[in-house]
Amino acid sequence: MKELDKLIEKITDQPKVKRFKQLEKIIDQNDELMQEYKKLLNLQKQLVQKKHQKTSNVNSLQKTYDAQKKRVETYPLISEYLDLLDEINNDLDLIQSIITEEINA
């Protein structure tokens, strides 16, 4: 378990993870930013559900989602937050892949 704790500590000590947490706190405290971000998340959830259900109005919802994403990305803090979220998720996917390969080896 010590190795897992070390890994978690190394991940959370990364500058981009620290910056991500700072931005998250700022966004959480700003009603306007949070409202716009929640709209984006809700549209994203709906889009995933519609795609999974293979409903006919996916294109319309996709356009609405894309418009909201553009609107959200006009806020530099949210744009940076989303970029960091993507980077961190990619890093975690890589770590998971490496761990899985080592376990299977």
Side-chain angles (χ1 to χ4, degrees):
M1 205 58 164
K2 284 185 179 183
E3 295 301 318
L4 178 60
D5 292 336
K6 287 180 188 177
L7 177 61
I8 292 170
E9 185 177 329
K10 284 183 180 183
I11 292 169
T12 56
D13 282 344
Q14 292 293 314
K16 62 182 157 187
V17 173
K18 288 181 179 181
R19 178 64 179 155
F20 176 82
K21 288 180 179 182
Q22 288 173 337
L23 291 171
E24 186 174 50
K25 189 180 258 187
I26 293 168
I27 292 167
D28 284 347
Q29 293 174 352
N30 184 307
D31 289 338
E32 181 182 355
L33 293 177
M34 195 60 180
Q35 183 179 13
E36 293 295 326
Y37 183 63
K38 282 184 177 180
K39 282 183 194 176
L40 180 68
L41 291 179
N42 287 331
L43 287 168
Q44 185 180 45
K45 288 176 189 175
Q46 291 174 29
L47 189 58
V48 169
Q49 289 173 351
K50 297 288 183 187
K51 284 182 177 180
H52 179 71
Q53 296 168 350
K54 299 179 182 175
T55 56
S56 60
N57 65 344
V58 171
N59 290 337
S60 172
L61 188 57
Q62 181 71 51
K63 288 178 184 177
T64 305
Y65 171 80
D66 292 341
Q68 180 62 22
K69 187 170 182 186
K70 282 185 180 182
R71 185 178 7 255
V72 163
E73 288 176 339
T74 63
Y75 297 98
L77 291 175
I78 294 182
S79 182
E80 182 182 359
Y81 176 82
L82 293 174
D83 289 343
L84 286 171
L85 179 62
D86 192 41
E87 286 181 38
I88 292 167
N89 282 335
N90 288 337
D91 290 349
L92 291 174
D93 285 344
L94 177 61
I95 291 167
Q96 180 183 1
S97 174
I98 291 169
I99 291 171
T100 302
E101 286 178 19
E102 288 299 314
I103 288 172
N104 291 333

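Ring pair Tyr81/Phe20 is parallel by interplanar angle, where below 30° counts as parallel and above 60° as perpendicular.
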Determine whether Ile11 and Ile95 satisfy the following criterion, side chain to side chain contact (heavy atoms under 4.5 Å, CB included), listing intermediate values before the conclusion. CA-CA 10 Å; Ile11 292 169; Ile95 291 167; 3.8 Å; yes
Determine, stepwise, if the pair Glu9 / Lys6 fulfils salt bridge (Lys or Arg N to Asp or Glu O under 4.0 Å). CA-CA 5 Å; Glu9 185 177 329; Lys6 287 180 188 177; over 6 Å; no
Show, in sequence, the C-alpha distance, side-chain angles and deciding distance for Lys51 and Gln62, and conclude whether the side chain to side chain contact (heavy atoms under 4.5 Å, CB included) test is met. CA-CA 10 Å; Lys51 284 182 177 180; Gln62 181 71 51; 3.5 Å; yes
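To the nearest 0.5 Å, atoms CG (Asp66) and CG (Leu61) are separated by 9.5 Å. Once rounded to the nearest 0.5 Å, the distance linking CG of Asp5 with NZ of Lys2 reads 9.5 Å. For the atom pair CG (Asn104) and CD1 (Ile99), the distance works out to 12.0 Å, reported to the nearest 0.5 Å. If you take NZ on Lys38 and CD1 on Ile27, they are separated by 12.5 Å, rounding to the nearest 0.5 Å. From Asn42, atom CG reaches atom CD of Gln44 across 10.0 Å, with rounding to the nearest 0.5 Å. Annotation: the span from Gln68 atom CD to Tyr37 atom OH amounts to 12.0 Å, rounded to 0.5 Å.
Atom CG of Asn89 sits in a crowded spot, with more than 12 heavy atoms from other residues, nucleotides or ligands closer than 6.0 Å.
Contact of the Asp91 side chain with the Lys16 side chain is registered, since non-hydrogen atoms from C-beta on lie closer than 4.5 Å. Side-chain contact between Leu82 and Leu40: present, with at least one pair of heavy atoms (C-beta onward) separated by less than 4.5 Å. Taking the side chain as every heavy atom from C-beta outward, Lys21 and Lys25 never approach each other to under 4.5 Å. Residues Leu92 and Gln96 fail the side-chain proximity criterion, which asks for heavy atoms closer than 4.5 Å.
Nearest heavy-atom pair, Arg19 versus Leu77, reported as atom, atom and distance to 0.1 Å: NH2-CD2, 4.2 Å.
The same ILVMFWY cluster, assembled from side-chain heavy atoms under 4.5 Å apart, contains both Ile78 and Leu85. Under the 4.5 Å side-chain contact rule for hydrophobic residues, Ile26 and Met34 share a cluster. Under the 4.5 Å side-chain heavy-atom criterion for ILVMFWY residues, a single connected hydrophobic cluster contains both Leu7 and Ile103.
Judged as a salt bridge (Lys or Arg N to Asp or Glu O under 4.0 Å), and not counting sequence neighbours, the contacts of Lys39 are Glu36.
Checking side-chain atoms of Ser97 against main-chain N and O of Asp93 turns up no donor-acceptor pair under 3.5 Å.
The residues Glu73 and Lys70 are annotated as not salt-bridged, no charged nitrogen and carboxylate oxygen being separated by less than 4.0 angstrom.
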